[in-house]
> 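Structure incoming, see below.
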Amino acid sequence: MDIQVEFGKRVKELRARSGMSQDALSFRSGLDRTYISGVERGKRNVTLDSMQRIAKALNVSLRYIFSDERFSAGATYLKKDFTIPFLKRFKYQLDPEKKVLAFQVTGLLTGPDVDYMCTKLMGICSAYGKDELNIIVDHRDMMASDGEPVVYSPEVSDRAVVFQQELTKYSKQVAVLCNSQFMQEQMDHVTRISGIHDKTKPLFGSDKDMVGTAFQMFDINGNGLIKSIV
């Protein structure tokens, strides 16, 4: 397949999985919306500079765009993706003995959801000192209504930076269980912006390996909330 056609197809696919509009991608990349539209349809000759700007706007590396991971190009962050209230999809647990805070999100996030998590979890963290807590973030079940993985929307990504900047005050290490290479790439990008990158390990692979690595990082044998599905 022609590289520009393949690039455009992937951009459309990744944009859809992150709930990003063409207008949003245009704004974040600094490229005209009609240009973005032409790229996605494989009708534009795309320069290396434009490719890099689009990849950065999608919170991924250019190398990842040409990786083998694939999703549908169906739109996400639709009303049907939020039929179950967030409070039923958000769980957290503190192990005070091991000083491990784990939290889990099923389904999609909105900006207000991130703000709620921040308020709730910072209330727990505030009882601890600097760099005292180990944190496990479980995003394995962040799935859209079509059953495929999704990542943070632009709004969620921006608010996550603020959340992580608060979290970094208390976190010793952070393990993030990701639902895809796409999320792993996004987490790497977002944590660099927030300043928590050196403390964070985004994990993606077999379920058993991800959970095992997280437990090994924190020297624990198990967790009441985070369990291996396999």
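Remember, it's a predicted structure, so these values are computed and weren't measured experimentally.
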> Would one find more than 12 heavy atoms of other residues, nucleotides or ligands at under 6.0 Å from atom CG of L78?
yes
> Do I84 and M142 land in one hydrophobic cluster if side-chain heavy atoms of ILVMFWY residues count as linked below 4.5 Å?
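Looking at the clustering, M142 is in a separate group from I84.
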> With a 4.5 Å cut-off on side-chain heavy-atom distances among I, L, V, M, F, W and Y, is there a chain of contacts connecting V161 to F182?
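Different clusters: V161 never reaches F182 through Ile, Leu, Val, Met, Phe, Trp or Tyr contacts under 4.5 Å.
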> Above 12 or not: heavy atoms from other molecules or residues under 6.0 Å from CZ of F82?
yes
> Between R140 and T106, is a side chain to side chain contact (heavy atoms under 4.5 Å, CB included) present by the stated rule, with each step listed?
CA-CA 8 Å; R140 290 173 294 172; T106 301; over 6 Å; no
> Nearest 0.5 Å please: distance from the CG atom of L94 over to the CG atom of L133.
6.5 Å
> For Y92, enumerate each residue passing the ring-ring contact (aromatic ring centres under 6.0 Å, His included) test, keeping only those at least two apart in sequence or located in another chain.
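Result, ring-ring contact (aromatic ring centres under 6.0 Å, His included) vs Y92: F90.
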> Would R89 and D113 count as a side chain to side chain contact (heavy atoms under 4.5 Å, CB included) if you check the C-alpha gap in whole Å, the side-chain angles of each, and the deciding distance to 0.1 Å?
CA-CA 10 Å; R89 299 186 286 105; D113 294 339; 4.2 Å; yes
> State whether a side-chain donor-acceptor pair under 3.5 Å links N45 with Q4.
yes
> Output the distance between atom CG (L167) and atom SG (C125), rounded to the nearest 0.5 Å.
5.5 Å
> Check this for me: E132, atom CD, are more than 12 non-hydrogen atoms of other residues, nucleotides or ligands nearer than 6.0 Å?
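Counting neighbours around CD of E132, more than 12 heavy atoms of other residues, nucleotides or ligands fall under 6.0 Å, so yes.
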> Okay, side chain of S18, backbone of L14: is any donor-acceptor separation there less than 3.5 Å?
yes
> May I ask you to check whether E155 and T110 show a side-chain donor-acceptor distance below 3.5 Å?
no
> Taking atom types as modelled, find out whether S50 and Y35 have a side-chain donor-acceptor pair closer than 3.5 angstrom.
yes
> Should the heavy atoms of other residues, nucleotides or ligands under 6.0 Å from CG of D49 be counted, would the total exceed 12?
yes
> Between T191 (side chain) and M187 (backbone), is there a donor-acceptor pair under 3.5 Å?
yes
> Under a 3.5 Å distance rule, please check whether N179 uses its side chain to pair with a backbone N or O of V150 as donor and acceptor.
yes
> Going only through I, L, V, M, F, W and Y residues with side-chain contacts under 4.5 Å, is there a path from M143 to M210?
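M143 and M210: separate clusters.
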> Do E185 and S61 have side-chain heavy atoms sitting under 4.5 Å apart?
yes
> Is I196 reachable from F204 through a run of hydrophobic residues whose side-chain heavy atoms are each under 4.5 Å from the next?
no
> Check whether any side-chain N or O of Q186 sits under 3.5 Å from a backbone N or O of Y152 as a donor-acceptor pair, and report yes or no.
yes
> Run the numbers on D141 and V105 for side chain to side chain contact (heavy atoms under 4.5 Å, CB included), then give the verdict.
CA-CA 7 Å; D141 287 327; V105 175; over 6 Å; no
> Decide if atom CZ of R63 counts as having more than 12 heavy atoms of other residues, nucleotides or ligands within a radius under 6.0 Å.
no
> Would the number of heavy atoms belonging to other residues, nucleotides or ligands and lying under 6.0 Å from NZ of K56 be above 12?
no
> Give the cluster check for L62 versus I3: same hydrophobic cluster or not, with ILVMFWY residues linked at side-chain heavy-atom distances below 4.5 Å.
yes
> For the residue pair Q22 / E40, report whether a side-chain donor-acceptor contact shorter than 3.5 Å exists.
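Yes - a donor-acceptor pair under 3.5 Å links their side chains.
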> With a 6.0 Å cut-off on ring centres, are Y64 and H189 close enough?
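No.
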> Return yes if some donor-acceptor pair links the side-chain N/O of E13 with the main-chain N/O of S72 below 3.5 Å, else return no.
no
> More than 12 heavy atoms of other residues, nucleotides or ligands under 6.0 Å from CG of D32: is that the case?
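Yes, the 6.0 Å shell around CG holds more than 12 heavy atoms from other groups.
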